[in-house]
Protein chains: 2
Amino acid sequence: MARETGTKRIEASERTLEILGFLAGRERTTATEVAERLGIAKSTTHYHLKTLEDAEFVVRERDGYRVSLNLLTMGHDVVSQMSTYQAGKAKVDELARETGELCILMVEEHGYGYYIYDNRGEDAVNFDTAGNRKRLHDNALGKAFLSQVSSERVDEIVERHGLPATTPRTITDREKLDAELETARTEGVAFDYEEQLNGLCCVAAPIRDTQSDDVSVRGAISVAVPASRAQDDYFTEELPRAVSDAANIIELERQDY
Amino acid sequence: MARETGTKRIEASERTLEILGFLAGRERTTATEVAERLGIAKSTTHYHLKTLEDAEFVVRERDGYRVSLNLLTMGHDVVSQMSTYQAGKAKVDELARETGELCILMVEEHGYGYYIYDNRGEDAVNFDTAGNRKRLHDNALGKAFLSQVSSERVDEIVERHGLPATTPRTITDREKLDAELETARTEGVAFDYEEQLNGLCCVAAPIRDTQSDDVSVRGAISVAVPASRAQDDYFTEELPRAVSDAANIIELERQDY
DNA sequence: CCGGGTGTTCGACAGGATTGAACGGACCAC
DNA sequence: GTGGTCCGTTCAATCCTGTCGAACACCCGG
């Protein structure tokens, strides 16, 4: 959706943002390295970095530049204003308490899934989650989301981001993906058996937008469990029911925000 | 530290970043409103927004523009690379488990305190914390930090951000602040009695950088408790000991990263 | 069908972004 | 101590581009 049309862009700003994005993916980096990697004159790079530093988007330390924590705060503020977050936070907490597992709230943007909130129950597995960005095809949250959008939209996303594998079980095949989305659509929940991360399995339910005429999705909610617990009724019945209950309640409450 | 020297900045980029910062503080905003508020021509604003949108720093929705969740992820990535985070995360988890309270890890930047990680124990109070940015004078974390920097540095920060009050008990007086910092320096921990938020009290210890010659600080760690529990030995002895133990261990481990 | 609010395009001009080369400073090896 | 290397910084000239207001196109509600 985003990219090219024929209209004008501000090239200087594009460069500044390119530098910012470049820094974001790295540890501390020197100005000269930025210049070399991006193919910009060293002096030019310097002015861009000064501008970024002035505006407090970038911090300079002994051994190089890095992105400022300001971005974290700005991102956090955006999340706080999202209705899916406002309606979903309490439900995630509750679900984590009840199941004792790790529960996650996701929202889609630019064809990615952003994990905007999580809570760990007693027995929960332990990783970074909140703040992360993931592809949509290799995890339950993403598949729950995709199960609710038009197939053109899926095309668009797959075309943009591909279907890269992160484990041997990741779905890398468009037809296989479609089949799973179909069953997810009928069952109301999506599963993930170590497709994103070895040892981790998930169940997720989409959070739809019930107020607009054509039903649309914004995100999804999930429970993540260690593979050892991903079996029997617990994983195929109990958790799916809990997750989709939670999703339904969020859908209703979301309208109040 | 940051702002003015005589050197050149890239004005177009300054504008782009100004717009981005402006959007960050608001809900969805229309392009024309941005133009009016910032005093930029509507057409110019449009090009800037297109540029930001292209680079996926901003998202356009029906009723206006908003900042992209990309910023959240970028911020999150920065945090993951910080040695204070890497060394402190596990300790915060442990402290939360032991005390049952809310524990927070803070890092300083640009004269602000950024809450980069938290964990809630069983009985913990419940707010947004991680991702937030706070002033340094009105809470235990900030005061623990300030207690370890030169008084010139404190001057600088106070001058830049002032001493605004958020509750009746906030310290708004420079001498009172200095006195508290002095006792924090000797005791090794700082306290906060409902100075930032009514009903909330904290104990915090600074996390120093022990490897450089001149000892410097990077952040602080704290326990936050409801005012009702902020009394007796629990608050004046037990928690301070637990918090400064944790801080010391982090200081040692930080060197490995 | 019109009106008010958007976002969008246009062309012209002035002013700024870009560049390479040259300078200054910190640090390390020897 | 000294030479070398790497970094950031500055400069002045060139060309290009960001800026602007006005005019256009769009969408929605009345």
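Predicted model, so just to flag it, every value in this text is computed and none were measured. All values below were derived from every heavy atom in this structure, side-chain atoms included, with hydrogens, water molecules and symmetry-related copies excluded. Note on naming: letters A, B, ... go to the chains in the order of the sequence lines (proteins, then strands), and numbering restarts at 1 for each one.
Taking a cutoff of 4.0 Å between a charged side-chain nitrogen and a carboxylate oxygen, B:Glu33 and B:Arg26 qualify as a salt bridge. At a threshold of 4.0 Å, the pair A:Lys50-A:Asp54 does not count as salt-bridged, since none of the basic side-chain nitrogens sits closer than that to a carboxylate oxygen.
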Contacts under 3.5 Å, N or O only, protein and nucleotides 21-27 of chain C:
none

Identify the pairs formed between an N or O of the protein and an N or O of nucleotides 13-19 of chain D at a distance under 3.5 Å, and give each distance.
{"from": "D:dT17", "atom 1": "OP1", "to": "A:Glu11", "atom 2": "OE1", "distance (Å)": "3.4"}
{"from": "D:dG18", "atom 1": "OP1", "to": "A:Glu11", "atom 2": "N", "distance (Å)": "3.1"}
{"from": "D:dG18", "atom 1": "OP1", "to": "A:Ala12", "atom 2": "N", "distance (Å)": "3.3"}
{"from": "D:dG18", "atom 1": "OP2", "to": "A:Arg9", "atom 2": "O", "distance (Å)": "3.2"}
{"from": "D:dG18", "atom 1": "OP2", "to": "A:Glu11", "atom 2": "N", "distance (Å)": "3.3"}
{"from": "D:dT19", "atom 1": "OP1", "to": "B:Arg15", "atom 2": "NH1", "distance (Å)": "3.4"}
{"from": "D:dT19", "atom 1": "OP2", "to": "B:His48", "atom 2": "NE2", "distance (Å)": "2.8"}
{"from": "D:dT19", "atom 1": "O4", "to": "A:Lys8", "atom 2": "NZ", "distance (Å)": "2.6"}

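For the side chain to side chain contact (heavy atoms under 4.5 Å, CB included) test, residues two or more places apart in sequence or in another chain that qualify with B:Ala144 are B:Ala190, B:Ala204, B:Pro206, B:Ala220. Take A:Ser151 and apply the side chain to side chain contact (heavy atoms under 4.5 Å, CB included) test, not counting sequence neighbours, and it matches no residue. Among residues two or more places apart in sequence or in another chain, the side chain to side chain contact (heavy atoms under 4.5 Å, CB included) test is passed with A:Ile171 by A:Lys143, A:Lys176, A:Leu177, A:Glu180, A:Glu195. Partners of B:Glu182 by side chain to side chain contact (heavy atoms under 4.5 Å, CB included), not counting sequence neighbours, listed by chain and number: B:Arg185, B:Thr186.
The salt bridge (Lys or Arg N to Asp or Glu O under 4.0 Å) contacts involving residues 66-83 of chain A comprise A:Glu61-A:Arg66, A:Arg66-B:Glu109, where partners must be two or more places apart or lie in separate chains. Applying the ring-ring contact (aromatic ring centres under 6.0 Å, His included) definition to pairs two or more places apart or across chains, those involving residues 134-164 of chain B are B:Tyr112-B:His161. Evaluation of the ring-ring contact (aromatic ring centres under 6.0 Å, His included) test over residues 31-66 of chain A, restricted to residues two or more places apart or in two chains, returns none.
The backbone N or O of B:Glu56 sits less than 3.5 Å from a side-chain atom of B:Asn70, completing a donor-acceptor pair. Checked by atom type and distance alone, the side chain of B:Glu108 never pairs as donor or acceptor with a backbone atom of B:Tyr114 at under 3.5 Å.
Atom-to-atom, CD of B:Glu36 to C1' of C:dG5 comes out at 11 Å; the value is rounded to the nearest Å. The nearest whole Å value for the distance from the NZ atom in A:Lys50 to the C1' atom in D:dC7 is 13 Å. Computed from coordinates, the B:Leu49 CG to C:dT9 C1' distance equals 16 Å when rounded to whole Å. Distance A:His46 NE2 to C:dA17 C1': 15 Å, rounded to the nearest Å.
Judged by distance alone, the side chains of A:Arg9 and A:Thr7 do bring a donor and an acceptor atom under 3.5 Å apart.
By the 4.5 Å heavy-atom criterion applied to side chains, A:His110 and A:Arg133 are not counted as neighbours.
A heavy-atom distance below 4.0 Å to DNA chain D is reached by none of the residues of residues 22-30 of chain B. Contacts between residues 60-71 of chain B and DNA chain D, defined by a heavy-atom separation below 4.0 Å, involve no residue at all.
Annotation for B:Ala24 and A:Met74: closest pair CB-CE, 3.3 Å, computed over non-hydrogen atoms.
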Would you write out the dot-bracket form of DNA chain C, 5' to 3', with Watson-Crick and G-U pairs under 3.5 Å, [ ] for crossing pairs, | for pairs to other strands and . for unpaired bases? |||||.||||||||||||||||..||||||
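In this structure, CG in B:Asp209 is found 9.0 Å from CD in B:Glu251, a value given to the nearest 0.5 Å.
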